[in-house]
Amino acid sequence: MAQFWKPGAEKPQLLDDEEGGVLFVFSSAFSSSSSGYGYASIEKQRQRLPVYKYRTAILYLVETHATTIIVGETGSGKTTQIPQYLKEAGWADGGLVIACTQPRRLAVQAVASRVAEEMGVKLGEEVGYTIRFEDVTDTDKTRIKFLTDGVLLREMMDDPLLTKYSVIMIDEAHERSISTDILLGLLKKIQKRRPELRLIIASATIEAKAMSAFFQTRRRRAVESVEPPLSMEPAILSVEGRGFNVQIHYVEEPVSDYVQAAISTVQLIHDKEPYGDILVFLTGQDDIDAAVKLINEEARNGGKNSSGLFALPLYSGLSRAEQELIFSPTPRGKRKVVVSTNIAETSLTLEGIVYVVDSGFSKQRFYNPITDIENLIVAPISKASARQRAGRAGRVRPGKCYRLYTEEYFLNEMSAEGIPEIQRSNLVSCVIQLKALGIDNILGFDWLASPSPEAMIRALEVLYSLGVLDDDAKLTSPVGFQVAEIPLDPMISKMILASNQLSCSEEVLTIAAVLSIQSIWFIERGIQKEMDEAKLRFAAAEGDHVTFLNVYKGFLRSGKSSKWCYKNYINYHSMKTVVEIREQLRRIAQRLGIVLKSCDRDMQAVRKAVTAGFFANACRIEPYSHNGMYKTVRTSQEVYIHPSSVLFRVNPKWVVYQSIVSTDRQYMRNVISIDPSSLTEVAPHFYRQQGPIF
DNA sequence: GAGCACTGC
């Protein structure tokens with residue numbers, strides 16, 4: 001491990017961290033020159049951040065090491081300060097740019113505007129940001145650029161060595177999103193070609209050792225031609241956070257029902273503890289709605305200990321108004337309980353939380369490459385997640401965290417880190433992106449965590465069947481390159497390409513945009529009947545895809561009205577996103593030479609285009625089936641049409657689906673009826689191999 | 001008869 005201290009400075013201490021690894025900590029503040037901006041109060045605030053006393057150390061490490069790993073808890077100020085330190089030290093001189101990536105759009109925007117404010121510059125000039133649909137940068141002026149890691153990956157398609165950047169900081173690396181993992185693998189490759197490029201990997205947890213081992217190049221010797229010599233060995237620096245102390249409580253015996261246990265714990269806190277809001281982590285909408293109802297009923301029925309207690313749900317599917325409720329300050333004499341999914345673990349930060357109740361579970365995605373199905377499964381969280389959850393209690397003052405599992409379980413059974421997303425997902429998009437960047441040997445790629453060979457092979461098979469890869473697993477021309485250019489699931493991209501010859505690109509672009517978001521329907525319990533009736537107003541006999549076209553037309557006709565959406569139980573937010581994605585796709589399609597044409601009422605063409613992308617997901621209803629059982633053509637799996645589909649209970653003989661959700665049954669989502677002859681027509685190579693099926 | 005969370009030229 002890298003050992004460094006600045007000559008003449010106090011020698012840093014080596015400390016054992018709690019996982020038994022060695023960390024590098026500086027024991028006293030380093031002197032730091034003022035940056036000279038005329039904002040005294042902001043400058044003072046900056047200096048109060050924990051990261052400030054490491055300023056000189058960070059700059060020295062970045063100068064002398066190709067890769068610097070910074071472990072810093074929330075509140076250390078690393079995200080906003082380090083890019084500024086680098087800029088002040090001259091890393092953006094000569095027209096170069098300092099990049100800092102985030103996994104989420106909101107974080108990119110928030111951090112960029114904060115940094116622009118601190119520097120006293122207009123956002124979009126010296127400090128800018130880029131997220132999908134929004135490029136707030138100026139090619140000539142922007143020196144510090146915040147962006148999502150997905151955008152940086154896309155930028156590599158045009159500039160594989162990312163030559164305009166002098167330093168790239170990958171933030172929140174511990175979250176291990178697919179994009180982060182791919183990016184880190186590629187950046188390691190770039191480093192070999194561009195030794196002058198500096199990487200900073202910022203992570204909240206002590207995964208630093210694994211990360212450091214990954215960036216350890218075989219060539220251990222330093223590059224000595226430069227001064228000071230550049231070490232290829234990663235440096236690790238730990239920066240403390242600024243959270244308050246959180247006292248952890250465990251249950252003595254394992255609980256059997258964590259919803260019930262969470263409710264009792266909330267009541268216990270309300271009964272015994274001083275004021276302060278409570279955040280409860282459960283797994284999904286079902287659990288959450290049930291818990292909220294029970295807590296509020298107890299409070300209303302005048303349970304003597306429950307007065308003043310009120311509970312609110314929090315999950316991604318909530319409307320704007322419901323979300324605002326959660327962020328409004330708690331009235332005096334009241335105690336707010338927010339019952340949330342994982343969304344409150346990383347994406348949203350609630351102020352005023354003093355108590356956290358942690359069920360120890362979350363819903364996680366798992367991919368099975370054999371069946372090619374992604375499942376959502378309630379699974380135990382990792383120690384890292386548990387710490388993150390606990391930390392939510394210490395933002396305003398010292399707090400308490402009640403874990404609904406035993407200490408013994410936490411210490412001995414809970415895994416240190418979660419399984420990285422790349423090992424839990426379908427890899428088609430990831431593989432095509434690597435192929436487009438010229439990485440031909442996917443199996444031999446230098447992964448931070450290697451996906452299973454089965455998953456990689458499955459992805460290669462799917463891409464081969466789509467005609468995106470050839471026999472040598474190289475991108476085909478033009479189809480492969482075109483599909484890679486479109487920022488969507490390759491099956492959807494293939495559907496768009498097919499629409500060109502079928503003269504229905506206008507319709508298919510709309511369908512593609514809708515298929516690439518979660519759902520356009522507004523979801524609320526208790527009003528199912530009204531919602532179903534509203535859906536019937538748009539329902540098309542062909543299936544969900546054509547229904548989406550009807551909704552989109554209606555939305556445009558209403559003048560993109562939010563009222564119209566509300567009246568029709570359609571998610572206004574989703575529709576706005578659909579319009580944006582469609583516009584982006586329209587531009588890309590035109591660049592790819594796709595002629596924008598409408599097929600008017602000829603839905604045959606639309607069905608054929610959908611089939612050209614999703615032929616591998618063809619299903620036939622079981623003969624004499626009275627419960628709507630289908631079998632997939634490829635693997636003969638039992639599947640059913642999802643109750644949210646307009647084809648639910650309609651059960652046409654042949655369908656293709658977009659995806660499968662797996663609960664007690666395997667449900668097909670987004671289903672369209674097809675003519676089986678079109679399968680052999682659009683994918684003869686695929687259906688000839690499968691043997692006689694009709 | 002039913003939905004963890006993010007994200008992309």
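We name chains A, B, ... by the order of the sequence lines, and we start the count at 1 in each one. All values below were derived from every heavy atom in this structure, side-chain atoms included, with hydrogens, water molecules and symmetry-related copies excluded.
- Within the 4.0 angstrom heavy-atom criterion, only backbone atoms of the sugar-phosphate kind lie near A/Thr341; the bases stay farther away.
- Using a 4.0 Å heavy-atom distance criterion, A/Tyr667 is classed as a sugar-phosphate-only contact.
- Whole-Å rounding puts the A/Asp135 CG to B/dC9 P distance at 10 Å.
- Comparing B/dG8, B/dA5, B/dC9 by their closest approach to the side chain of A/Ser429 singles out B/dG8.
- Between A/Ile621 and A/Met629, the shortest heavy-atom distance links the atoms CG1-O, 3.4 Å.
- In summary, A/Arg582 and A/Glu506 engage in a salt bridge, as defined by a charged side-chain N under 4.0 Å from a carboxylate O.
- Contact annotation for A/Ser177: no contact, since no heavy-atom pair falls under 4.0 Å across all strands.
- Listed candidates were B/dA2, B/dG3, B/dT7. Nearest to the side chain of A/Thr148 is B/dT7.
- Taking a cutoff of 4.0 Å between a charged side-chain nitrogen and a carboxylate oxygen, A/Arg104 and A/Glu175 qualify as a salt bridge.
- No engagement by A/Arg669 is indicated, since no non-hydrogen atom pair under 4.0 Å with the nucleic acid exists.
- Using a 4.0 Å heavy-atom cutoff across all strands shown, A/Ile343 reaches sugar-phosphate atoms only and no base atom.
- Contacts of A/Glu345 with the nucleic acid, taken as non-hydrogen atoms under 4.0 Å apart, are absent.
- With respect to A/Glu583 and A/Arg586, a salt bridge is recorded, a charged nitrogen being found less than 4.0 Å from a carboxylate O.
- Ring-plane geometry between A/Phe410 and A/Tyr405 is classed as parallel, the angle between the planes falling under 30 degrees on a 0 to 90 degree scale with a further cut at 60.
- Counting to the nearest Å, the P atom of B/dT7 and the CD atom of A/Glu134 are 13 Å from each other.
- As rounded to whole Å, 14 Å separates atom P of B/dA5 from atom CZ of A/Arg424.
- At a threshold of 4.0 angstrom between heavy atoms, the contacts of A/Asp532 include nucleobase atoms, whether or not backbone atoms are also involved.
- Across B/dA2, B/dG8, B/dA5, the shortest atom-to-atom separation from the side chain of A/Asp664 is found for B/dA2.
- Where A/Arg649 and A/Arg105 each meet DNA chain B at their nearest nucleotide, the meeting point lying more 5' is that of A/Arg649.
- At a threshold of 4.0 Å, the pair A/Glu155-A/Lys145 counts as salt-bridged, since one of the basic side-chain nitrogens sits closer than that to a carboxylate oxygen.
- The nucleotide whose nearest atom lies closest to any side-chain atom of A/Ile588 is, among B/dA5, B/dG1, B/dC9, B/dC9.
- The distance between atom CG of A/Leu376 and atom P of B/dG3, rounded to the nearest whole Å, is 9 Å.
- In this entry the distance linking CG of A/Asp287 with P of B/dA2 reads 15 Å, nearest Å.
- With DNA chain B read from its 5' end, the first of the two nearest nucleotides for A/Val151 and A/Gln364 is the one closest to A/Gln364.
- In this structure, the nucleotide among B/dG3, B/dG8, B/dA5 sitting nearest to the side chain of A/Glu421 is B/dA5.
- Each of B/dA5, B/dC9, B/dA2 was ranked by its minimum atom distance to the side chain of A/Gln528; first place goes to B/dA2.
- Computed from coordinates, the A/Leu106 CG to B/dA5 P distance equals 15 Å when rounded to whole Å.
- At a threshold of 4.0 angstrom between heavy atoms, the contacts of A/Arg132 include nucleobase atoms, whether or not backbone atoms are also involved.
- Backbone-only contact: A/Ser347 has heavy atoms under 4.0 Å from sugar-phosphate atoms and none from a base.
- Between the CD1 atom of A/Ile422 and the P atom of B/dG8 there is a distance of 17 Å, rounded to whole Å.
- For the pair A/Glu374 CD and B/dG3 C1', the computed distance is 15 Å after rounding to whole Å.
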